[in-house]
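Heads up: the structure comes next, in structure tokens.
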Number of protein chains: 2
Amino acid sequence: MIGIDWGTTAFRAYRLAPGGGVRDRIEREGGILTVPPGGFPAALREAIGPWLAEGERRVLLCGMVGSRQGWQEAPYLPCPAGPAEIAAAVIALPFEGAACRLVPGLTARDAAGVPDVMRGEETKLLGLLAELPAGAEALVCLPGTHSKWARLAGGGIAGFATQMTGETRAVLLQHSILGRLAEPGPSSGTGSDAAFRRGVRRAGDPGGLLHHLFGTRALGLAGELAATETASYLSGLLIGHELRSVLAEGVPQGPVHQGMVHLAGSETLCHAYALAFAEHGLAHRRHADDIVARGLALIAEMIPWP
Amino acid sequence: MIGIDWGTTAFRAYRLAPGGGVRDRIEREGGILTVPPGGFPAALREAIGPWLAEGERRVLLCGMVGSRQGWQEAPYLPCPAGPAEIAAAVIALPFEGAACRLVPGLTARDAAGVPDVMRGEETKLLGLLAELPAGAEALVCLPGTHSKWARLAGGGIAGFATQMTGETRAVLLQHSILGRLAEPGPSSGTGSDAAFRRGVRRAGDPGGLLHHLFGTRALGLAGELAATETASYLSGLLIGHELRSVLAEGVPQGPVHQGMVHLAGSETLCHAYALAFAEHGLAHRRHADDIVARGLALIAEMIPWP
């Protein structure tokens, strides 16, 4: 079968063996924002045509392709939700030559009753769950434009909360006075790591995030933060605030316990979050970003294909 | 004399009577970002030429015109600083036909030792100080792109802290997913006020600012926040976080006491902050935005003009 994670800015397709192993993959730009209205079937055929020609007949999609701006909207499924509930809520998409199915996103409410949503991450979480002992409880962090913190329990996704960390960093660096101050620096390495850690620690000072943001500029003006360190420091500051909020207030359905976080995402982000976890004495276990393929395979096994 | 507040995006000039009364004023766009390198003397002459022709011979400037991106950099003066210290640190600008002087900005350090800066607000604060009984202590909020919270004591500016609230709101609305969700709504009135208050209250929920930002989007997706309310709700959320940080952690040099804030700024921002103060049971006294003219007049009286 073919599993696809079609997000806002990226397209990832996996050709999966019956056991769930990845036989082949396509990773490219071409997120849903690049697809014209009504253009999803053609864009999909263009991308996976060779695999279809070789006889694949089942396609399972997840991600923002199931949003209002995507191919077709798949209603959100409320948490808690496990593999069976998610597989039962998969919807069919009209596509010639193959059975095409779409995984729904999830919704949850935080302690104050405010809703939260995810699309695509539910599939990653099921993939990650499959790597844990049956019945295990786990706290998961999926860093990104909109970082997801989720609690796995009872064989499914008990609850989750989003932090708008990555997008806030991007708009501040690209459009605010903080970006005008920043110069390209080492994107990794000890220099960049030191500035990042300094930002993480700054998040614990009095004054709040909005004060700390302006302080980033004032440090630069005072010659106490190099222009090449600004971007790393800002990342540390925002991720530091994210982590402090999560540690102080927990994730829906329970506190942060056992001092252990399961982490999956891009190399760069996982490196950054690992540094922030270490600053807080928090252990973590890294999972491959490919867990989405495992989740797609797992859901596919539970769907009544034609 | 002529007093000028020349900021990043606006130019405000006041023709002042000997007692400090405003005889005439010019308010327009034409902030320092619109002035080409070396173009400040010509831009100033173009703006206040008629007043110079009528015999004015003293010009005092404050604001970002004294920054690295302005006419000439005036080094920051450290807090605490009163009218005498600020007047003594004024620098001379070369300008034909009138004596031209520039008010320095101030710098302060927060509880963690991180620097903070202001340019222009120090002059507003001196103008506001002149409206209070001699020796009064006061907590002042000057809302704006970069909101300033200052403590007045000992006849001067004891300390201050900046919150990057306005700029954060602007970049999120213009460039993030929150803006794509927002539709123009009433910029004032009870509907807008209700959404604003809801944002202020949300700031007190668990999860932190970065979680609350994403919640703004999720509320919209869930149909629990109208697109026309998004901008007001976001303002309330950010100002609510600003206020909670200030109330919880104080302003440099002491706590928030007496439950009273002195407020000066634009009509729209003062209305918004007044709503947020009311949510927190905090009294306030509104001062005219013109306090900068009073501050300029006060400093001018203490300068040894040629």
When rounded to the nearest 0.5 angstrom, what is the spacing between [atom1] in [X] and [atom2] in [Y]?
X	Y	atom1	atom2	result
A/Gln163	B/His212	CD	NE2	8.5 Å
B/Leu125	B/Leu106	CG	CG	8.0 Å
A/Phe160	A/Arg151	CZ	CZ	13.5 Å

- prompt: Minimum heavy-atom separation for A/Thr230 to A/Leu181, with atom names?
  reply: OG1-O, 4.3 Å

[X] versus chain B, heavy atoms under 4.5 Å apart: side chain, backbone, both or neither?
X	result
A/Gln174	neither
A/His146	side chain
A/Arg68	side chain

field: Cation over ring face, B/Arg119 and B/Tyr76, 6.0 Å, 45°
entry: yes

message: Would B/His211 and B/Asp205 count as a side chain to side chain donor-acceptor pair (under 3.5 Å) here? Give the steps.
response: CA-CA 10 Å; B/His211 173 60; B/Asp205 286 343; over 6 Å; no

message: Which atoms of B/Arg202 are under 4.5 Å from chain A, going by heavy atoms: the side chain, the backbone, both sets, or neither?
response: side chain

Structural part of B/Glu242 lying under 4.5 Å from a heavy atom of chain A: both

statement: Per-residue tally against chain B (heavy atom, under 4.5 Å) across A/Gly215, A/Gly208, A/Ala222, A/Gly207 peaks at A/Gly207

- request: Under 4.5 Å, counting heavy-atom pairs only, tell me which of B/Leu238, B/Val171, B/Thr145 racks up the most with chain A.
  value: B/Val171

message: Tell me which of these, B/Thr168, B/Thr162, B/Leu221, B/Leu225, has more heavy-atom pairs under 4.5 Å with chain A than the rest.
response: B/Thr162

